[in-house]
2 protein chains.
Amino acid sequence: MNAEIIAVGSELLLGQIANTNAKFISTQLSELGINVFYHTAVGDNAGRLKDVIEIAESRSDLIIFSGGLGPTKDDLTKETIANHLGVPLVFDNVALTYIEEYFAQRGREMTENNRKQALVLEGSKVLANHHGMAPGMILEQNGRTYILLPGPPKEIEPMFQFEVKPKLAALLNDGGVIVSHVLRFYGIGEAELEVQVQDILDNQSNPTVAPLASDGEVTLRITAKANSENEAWDLIKAKEGEILNIVGEYHYGNNDDSLASKTVEMLLHNKLTISAAESLTAGLFQSELAEIPGVSSILVGGVVTYTEQAKVTQLGIEKSFLDEFGIVSSECAAAMASKVRQKFGTDIGIGLTGAAGPEPHDGQAAGTIWIGFSIGDSDPITRKLQLSGMRNTNRIRAVKLAFSYLMRLLHEKGYEKV
Amino acid sequence: MNAEIIAVGSELLLGQIANTNAKFISTQLSELGINVFYHTAVGDNAGRLKDVIEIAESRSDLIIFSGGLGPTKDDLTKETIANHLGVPLVFDNVALTYIEEYFAQRGREMTENNRKQALVLEGSKVLANHHGMAPGMILEQNGRTYILLPGPPKEIEPMFQFEVKPKLAALLNDGGVIVSHVLRFYGIGEAELEVQVQDILDNQSNPTVAPLASDGEVTLRITAKANSENEAWDLIKAKEGEILNIVGEYHYGNNDDSLASKTVEMLLHNKLTISAAESLTAGLFQSELAEIPGVSSILVGGVVTYTEQAKVTQLGIEKSFLDEFGIVSSECAAAMASKVRQKFGTDIGIGLTGAAGPEPHDGQAAGTIWIGFSIGDSDPITRKLQLSGMRNTNRIRAVKLAFSYLMRLLHEKGYEKV
């Protein structure tokens with residue numbers, strides 16, 4: 001079964017909203033093992049919509065529409081499909097009653113154009129909308145399946161999950177399942193990772209292995225088809241083992257993990273508390289940790305020392321020390337890490353200092369960043385970064401690299417990875 | 001000129017990412033007055049990409065591609081276009097040198113597949129990529145314009161703004177211009193704003209006025225067509241005046257302004273320094289300020305006091321005080337603001353404390369947040385928020401509201417808005 005998703009709405013073509021419905025539906029179809037070969041977005045225009053439907057019919061057997069089911073004149077998805085397929089629109093009494101009740105409950109008068117939302121394609125399976133007024137529809141015609149869904153994400157998402165997905169699963173039910181698993185890597189470029197696992201990428205069949213890079217990370221998605229979920233997981237685990245044998249040192253987590261969430265997990269697991277002194281990142285390192293629920297057992301707090309004066313008065317670093325080594329220096333990052341660790345009484349202290357850009361800072365080029373790690377009573381360890389992004393990309397990457405280095409350093413010191 | 005945007009990448013069809021590039025490019029084209037009639041997304045498959053190109057050629061004269069210019073075998077956009085149009089790929093020396101330097105600077109070995117990124121369509125105008133390795137291209141052929149752009153948003157956005165947009169504007173230059181201006185509002189809902197400016201929305205022709213809500217903000221985009229830029233701006237300024245007469249009190253900035261950038265501008269203009277003590281936001285307030293270049297004249301720093309103990313030891317708030325009033329309280333927010341202002345010697349101190357969620361904190365429901373403002377020697381002022389979002393939405397909204405309240409409080413105290 002090959003699917004195509006057609007989003008209808010001029011607001012997409014004007015760039016007012018992104019086509020998140022196509023993303024959502026694609027994820028859902030991918031979980032069912034249905035191939036999606038095309039996404040299309042088209043405006044509220046019957047002629048162009050009809051053309052798009054004809055193209056879709058020439059290449060796909062499952063055509064899913066989102067949007068254009070509402071009460072206004074611009075909403076013309078079902079009218080265009082009805083016209084194109086020669087299927088009349090008829091009132092659905094359940095939907096009509098629901099819409100009338102909706103207005104009655106709110107004490108608002110129901111205008112005539114709202115009745116239009118209860119019109120459905122004759123012979124279609126009507127899908128209840130529990131979060132809005134326009135019902136969805138599934139129509140089987142000429143060997144193709146047409147699914148019409150409303151545009152607002154809060155309506156389409158539950159309708160797809162609870163109404164559409166079980167029906168598609170039943171249509172597909174040949175006893176097979178598809179399972180996907182994403183491996184996340186950091187500290188290696190996409191091209192380099194691909195070279196290292198080239199043999200696996202060249203000789204894939206089932207499971208398949210697909211690389212994807214974003215935000216300085218690289219992921220590999222392993223997807224297995226099998227007769228049962230257990231069998232699919234066996235295939236995935238075997239392939240995962242092969243991959244991690246080669247590039248395991250860069251692997252930090254799976255699926256929805258982030259560098260921050262894995263750092264928090266590792267600190268919780270090893271019962272290590274943390275504090276940070278931040279200059280160019282100005283609180284971003286700590287804020288990213290605080291995104292993770294449960295962080296209060298390990299994050300005590302820290303300081304933002306944006307100016308030189310704040311480094312002196314708040315951390316107690318000597319002015320003469322900063323004059324000698326510079327603010328953007330290994331020595332300064334190490335001192336910030338040690339001082340904040342002592343001040344907050346934590347197991348770990350992190351120091352972040354550098355020139356975020358666009359201007360050089362303290363004689364150092366934009367993108368020069370030092371990170372200090374003070375772990376227990378050992379001498380602090382520092383890492384230098386030379387980044388080439390814009391100001392905020394540099395700040396964000398510095399924080400990601402701090403998490404990545406911290407996990408590696410802790411692992412090297414014998415703390416367990418999770 | 002009718003445009004179509006083709007995004008290439010299997011990750012879109014798997015639902016791993018949303019097609020935000022199509023949204024971004026559409027907004028930009030809309031500002032230029034170019035109609036976008038279709039968005040298409042297609043996977044990393046030469047045959048299907050070729051089909052999609054042929055369909056686009058049958059209905060559009062400007063075809064913009066995003067993605068598929070990278071180093072891996074999956075990246076086949078330019079190869080497919082080259083093959084389809086019969087245009088050879090040649091090495092671009094500037095791009096090749098840039099890629100070689102990129103690796104040399106990082107001390108990493110350049111693998112052979114990275115060279116492929118410097119291949120461009122012969123005869124195309126090459127667009128420099130200052131945030132990645134793959135250059136973009138503009139090719140004029142058979143009366144159509146093909147524009148090839150990289151996939152990562154941080155690469156495509158500056159490339160479009162600085163390289164593509166001026167070239168398209170020049171292509172379009174028939175003496176008429178289109179100018180857009182966005183007004184940004186905070187502290188008013190979309191529906192309420194729309195009701196207040198209903199007459200303007202109902203009677204628009206040139207300029208047009210379009211509302212859009214996102215992330216707790218509402219914007220109004222004013223777009224004017226005229227024979228000259230000056231004439232367009234006169235139309236826009238007149239309409240802006242009408243709008244601000246009605247809802248000016250909620251207006252905080254225009255175009256690319258953010259609440260953080262306007263706060264920084266106002267503090268710079270009034271020469272006011274700031275520090276913050278953050279609990280639930282854990283550095284996010286300071287980090288957002290630090291996104292703005294030039295902030296070092298006004299942001300001294302601050303503390304993250306995530307635990308109760310840190311509030312006591314780092315800010316010198318008495319334990320008995322916290323026991324009496326609670327951590328999530330007006331009193332605690334006020335004390336945090338005063339203490340951090342004194343500790344960092346700034347004109348303004350901000351205190352943020354609350355229950356981010358998902359769990360209640362210190363007996364207060366998730367979403368209960370207090371913000372304290374200590375301005376000069378006046379008594380601190382506090383504001384309570386009762387938010388209903390998820391943990392991180394609550395943290396982000398608390399920071400936005402802190403900026404918004406701070407600007408209003410300063411204005412009430414007689415400081416100039418900018």
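So that the names make sense, note that chain A is the first sequence line, chain B the second, and so on, each numbered from 1. In this text the structure is predicted, and so the values were computed from the model without any measurement.
- Of the atoms belonging to B:Arg221, not a single heavy atom falls under 4.5 Å from chain A.
- Counting heavy-atom pairs closer than 4.5 Å to chain A, the top-ranked of the candidates B:Glu11, B:Glu278, B:His39, B:Gln28 is B:His39.
- Of the listed residues (A:Ala310, A:Ala191, A:Ala277), the greatest number of heavy-atom pairs within a distance under 4.5 Å of chain B belongs to A:Ala191.
- Using a 4.5 Å cut-off between heavy atoms, A:Arg391 contacts chain B through its side chain alone, with no backbone atom that close.
- Counting heavy-atom pairs closer than 4.5 Å to chain A, the top residue among B:Gly301, B:Gly345, B:Gly70, B:Gly302 is B:Gly302.
- Both the backbone and the side chain of B:Lys73 have a heavy atom closer than 4.5 Å to some heavy atom of chain A.
- Shown here are the side-chain hydrogen bond (donor to acceptor under 3.5 Å, both in side chains) partners of A:Thr20, two or more places apart in sequence or in another chain: there are none.
- In this structure, chain A has a heavy atom under 4.5 Å from the side chain of B:Pro358, while its backbone stays farther away.
- Here the OH atom belonging to B:Tyr38 is positioned 5.0 Å from the CG atom belonging to A:Asp51, to the nearest 0.5 angstrom.
- For the set B:Val300, B:Thr305, B:Leu299, B:Thr40, the count of heavy-atom pairs under 4.5 angstrom toward chain A peaks at B:Val300.
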| Between B:Val295 and A:Tyr306, does a side-chain contact (heavy atoms from CB on, under 4.5 Å) hold up when you go through it step by step? | CA-CA 9 Å; B:Val295 73; A:Tyr306 208 68; 3.5 Å; yes

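- One finds the CG atom of B:Leu14 at 7.0 Å from the OG1 atom of A:Thr223 (value rounded to the nearest 0.5 Å).
- The most heavy-atom pairs under 4.5 Å with chain A, out of B:Pro158, B:Ser297, B:Ser296, come from B:Ser296.
- Between chain B and the residues A:Glu359, A:Met390, A:Glu192, the largest count of heavy-atom pairs under 4.5 Å involves A:Met390.
- Looking at B:Ile292, only its backbone comes within 4.5 Å of chain A, counting heavy atoms on both sides.
- Surrounding CE of B:Met133 are more than 12 heavy atoms belonging to other residues, nucleotides or ligands, all under 6.0 Å away.
- Contacts with chain A were tallied for B:Leu13, B:Thr307, B:Val36; B:Leu13 has the most, counting heavy-atom pairs under 4.5 Å.
- Qualifying side-chain hydrogen bond (donor to acceptor under 3.5 Å, both in side chains) partners for A:Gln198, counting only residues two or more places apart in sequence or in other chains: A:Asp202.
- Looking at B:Thr281, only its backbone comes within 4.5 Å of chain A, counting heavy atoms on both sides.
- With a 4.5 angstrom heavy-atom cutoff, B:Gln16 touches chain A via backbone and side-chain atoms both.
- With chain A as the partner, the residue from B:Ala41, B:Ser10, B:Gly283 showing the most heavy-atom pairs under 4.5 Å is B:Ala41.
- Contacts of B:Ile55 with chain A are made by side-chain atoms alone, with heavy-atom separations under 4.5 Å and no backbone atom involved.
- For chain B, the nearby parts of A:Glu291 are the backbone and the side chain; heavy atoms of each come within less than 4.5 Å.
- Closest heavy-atom contact between A:Val304 and B:Phe344: O-CE2, 3.7 Å.
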| task | Might you work through the side-chain contact (heavy atoms from CB on, under 4.5 Å) test for A:Arg59 and B:Val52, ending with a clear yes or no? | result | CA-CA 11 Å; A:Arg59 61 193 187 187; B:Val52 161; 4.2 Å; yes

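- When each of A:Thr313, A:Thr393, A:Leu289, A:Ile17 is scored by its heavy-atom pairs under 4.5 Å with chain B, the top score falls to A:Ile17.
- B:Thr27 touches chain A through backbone and side chain together, each having a heavy atom under 4.5 Å away.
- At a 4.5 Å heavy-atom cutoff, the contact between A:Val42 and chain B is made by backbone and side-chain atoms alike.
- Heavy atoms of other residues, nucleotides or ligands lying less than 6.0 angstrom from CD of A:Glu54 number more than 12.
- Side-chain N or O atoms of A:Asn19 include none that pairs as donor or acceptor with a backbone N or O of B:Asn19 at under 3.5 Å.
- Scanning both residues, B:Leu280 and A:Ala290, for their nearest heavy atoms gives O-CB, 4.5 Å.
- Of the possible polar contacts, one joining the B:Gln314 side chain to the A:Lys343 backbone as a donor-acceptor pair under 3.5 Å is found.
- Nearest heavy-atom pair across A:Leu12 and B:Ser26 is O-OG, 4.0 Å.
- Across all their heavy atoms, B:Arg395 and A:Ser287 have their closest contact at NH2-OG, 2.9 Å.
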